[in-house]
Number of protein chains: 2
Amino acid sequence: MSLGEFDLIDYYFKRDVCVADNGVALGIGDDCAILDIPQGYQLAVSTDSLVCGVHFFADVDPYRLGYKALAVNLSDLAAMGALAKWISLAITLPDGPAFNNDPNWLAEFARGFFELADKYQVNLIGGDTTKGPLSITVSVKGIVPQGAALQRNKAKLGELICVSGDLGDGAVGLAIKLRELSVENNQYFVDALELTEPRIKLGLLLRGLASSCIDISDGLTQDLTHILKASRCSATIDIDALPLSEMLRREMSSGSLSNTLAQQYALTGGDDYELLFTISENKLDQLKQAIAQQSGLMPDITVIGRTTAQQNELIEFYKQNQPVIFATGGWDHFK
Amino acid sequence: MSLGEFDLIDYYFKRDVCVADNGVALGIGDDCAILDIPQGYQLAVSTDSLVCGVHFFADVDPYRLGYKALAVNLSDLAAMGALAKWISLAITLPDGPAFNNDPNWLAEFARGFFELADKYQVNLIGGDTTKGPLSITVSVKGIVPQGAALQRNKAKLGELICVSGDLGDGAVGLAIKLRELSVENNQYFVDALELTEPRIKLGLLLRGLASSCIDISDGLTQDLTHILKASRCSATIDIDALPLSEMLRREMSSGSLSNTLAQQYALTGGDDYELLFTISENKLDQLKQAIAQQSGLMPDITVIGRTTAQQNELIEFYKQNQPVIFATGGWDHFK
């Protein structure tokens with residue numbers, strides 16, 4: 001099979017079964033897709049590229065790559081409190097639908113991609129398939145009620161800093177893939193890295209409650225700094241409050257991983273794709289009630305710190321109410 | 001300068017000067033851009049990738065590459081009759097802002113990109129810069145009044161088939177770049193290839209007049225076939241009516257290029273980015289009046305054939321009212 005652009009799109013990505021009435025007036029197969037934005041809503045758009053050798057390994061399972069390429073983009077919509085609606089997919093492949101000696105590579109990629117697309121009822125509405133070094137660029141589009149988008153620049157002083165789910169598992173998974181680390185349950189952490197769950201439903205609940213929000217793609221410290229810079233405030237973070245998964249705690253107990261290293265992964269490792277947000281105390285109670293009323297799995301919410309005005313855009317770390325800094329080998333009390 | 005994603009975006013692509021009031025509620029710098037779609041309008045979206053070594057040469061002038069990466073995408077909006085509004089740009093670069101030993105590579109790319117963006121008043125609203133083999137993926141967004149988009153599947157029998165501008169110059173330019181051809185004025189044709197003009201203004205005029213429309217990116221024959229298949233009709237094309245530029249005719253007169261080869265470039269060469277559309281005779285008169293009333297340069301419109309019902313999705317070629325086929329060496333009368 002030749003890498004004819006139209007063949008590839010038709011064969012693997014054009015599906016007659018559309019998510020019903022999802023605002024797609026015209027889908028794949030014309031110069032543009034035509035989309036209906038409901039009245040009173042704004043459009044939320046994000047684009048992310050994944051490049052072979054940079055963002056993933058050449059031997060990555062194609063099903064998982066298709067899944068993750070969409071997951072990381074849906075995570076950006078979640079961080080804005082947007083409802084995911086549509087996806088454009090640009091994929092560049094060296095040779096036909098096969099890659100890495102796997103004749104089913106593209107079919108498996110599409111299977112992973114559509115599994116997540118179907119789960120969140122988003123439609124593939126266009127894109128481009130080209131020949132070249134393997135890379136994937138996904139552009140996601142969602143809708144958000146007028147003025148309700150969760151931005152980075154609206155955190156206020158004295159608010160709680162919260163995260164969803166657990167931190168560090170994805171970073172441990174990456175270290176395992178890079179052969180920098182081996183623990184007892186390697187596969188659990190690799191799964192956390194590759195089969196990340198975008199927090200779309202939580203993002204929708206955060207609207208009107210959280211004052212600012214970002215998804216943790218580059219690590220808690222770096223992503224929190226984006227909020228602090230945009231909102232012109234500082235933060236204190238309680239190291240002991242960082243939410244670590246039961247599995248990560250088990251590896252710490254068994255000695256596969258030191259506490260300090262686990263905390264470092266939680267603080268600075270990327271690939272968590274949890275939501276980091278600021279919220280006032282009384283609104284956190286409302287959020288927890290809203291979460292309790294939801295059917296389906298929702299991540300836990302953990303308070304890990306507070307916004308402060310002490311010094312501009314600075315994070316102060318605490319352990320047992322004492323300021324600490326990270327020095328070679330672990331946490332030292334701050335002099 | 002390192003290839004920090006945020007540095008690159010900020011340095012070259014984030015601009016305080018926004019096209020005023022272009023519906024950008026939130027631009028570059030958050031997880032998503034937030035865009036306002038005016039009431040009564042639909043969103044038109046298209047995504048195209050340009051890969052080094054496939055769609056352009058590694059030694060391409062970066063200014064021209066930036067220009068063309070946007071031009072080919074705007075051309076898709078033009079073909080839908082959409083007003084261009086916003087762009088997302090994903091660029092993958094091997095090393096920092098330099099490429100091909102040119103330290104100003106990215107600056108020049110941005111200059112070409114923004115020259116065209118400013119001309120058509122479109123805002124860059126986001127994207128991604130990543131390290132890897134050079135490629136560019138542009139996603140354009142435009143707006144079109146509800147139900148007014150020019151589709152491929154609405155051509156009717158007995159309509160005129162028209163093209164804007166001239167055909168074949170881009171394909172001649174590509175043949176020159178590939179060293180398959182050399183003519184007297186090589187630079188003119190290379191310019192036609194690299195500095196293509198998206199027919200955004202013409203696309204807007206075609207709304208309500210043309211019954212179907214596509215932009216010629218893969219060659220007249222192939223792109224016309226897309227319309228015929230989508231609209232379930234056939235076509236006759238008058239080879240002698242194909243619009244050729246004065247410069248192409250001059251090369252034919254001087255013997256640099258045979259008539260047959262020039263017609264082949266016009267018929268099957270890609271990279272023209274002119275609009276190919278079907279229209280009824282009386283609406284063509286309305287279109288010509290509308291064009292005459294426009295200030296600014298508008299391409300000529302040429303009638304090159306008609307839609308027919310003779311055989312499904314087939315193009316019949318004519319010369320001097322006689323059916324012809326293309327055989328080795330030129331056009332033969334059809335037996």
Option in Ile34(A), Asp30(A), Leu35(A) with maximal non-hydrogen atom pairs under 4.5 Å from chain B: Asp30(A)
Interchain contact, Gln42(A) with chain B, by part (heavy-atom threshold 4.5 Å): both
Whether Ser139(A) side chain and Ser88(A) backbone form a donor-acceptor pair below 3.5 Å: no
Part of Val140(B) lying under 4.5 Å from any heavy atom of chain A: neither
Side-chain heavy-atom pair Ile143(A), Trp86(A) within 4.5 angstrom cut-off: yes
Contacting region of Ser49(B) [heavy-atom separation from chain A under 4.5 Å]: both
Heavy-atom contact with chain B under 4.5 Å, split by part of Cys213(A): backbone
Any Asp128(B) side-chain heavy atom under 4.5 Å of Thr137(A) side chain: no
Minimum heavy-atom distance between Ile125(A) and Ile28(A), given as atom pair plus value: C-CG1, 3.6 Å
NZ/NE/NH1/NH2 to OD/OE distance under 4.0 Å, Asp271(A) and Lys68(A): yes
Under 3.5 Å donor-acceptor, Asn73(A) side chain and Asp48(A) backbone: yes
Per-residue contact mode, Leu26(A) against chain B (heavy atom under 4.5 angstrom): side chain
Option that, when pairs with chain A are counted at under 4.5 Å, heavy atom only, ranks first among Thr47(B), Leu43(B), Asp76(B): Leu43(B)
Side chain / backbone / both / neither for Leu77(A) at chain B, heavy atoms under 4.5 Å: both
Beyond-backbone contact of Asp215(A) with Arg199(A), side-chain heavy atoms, under 4.5 angstrom: no
Under 4.5 Å from a heavy atom of chain A, the part of Ile37(B) involved: side chain
Thr278(B) to Ser212(B) - nearest heavy-atom pair and separation: OG1-OG, 2.6 Å
Partner chain B: residue of Ile214(A), Thr92(A), Ile91(A), Val144(A) with the largest heavy-atom pair count (under 4.5 Å): Ile214(A)
Partner chain A: residue of Val45(B), Val51(B), Asp36(B), Leu134(B) with the largest heavy-atom pair count (under 4.5 Å): Val45(B)
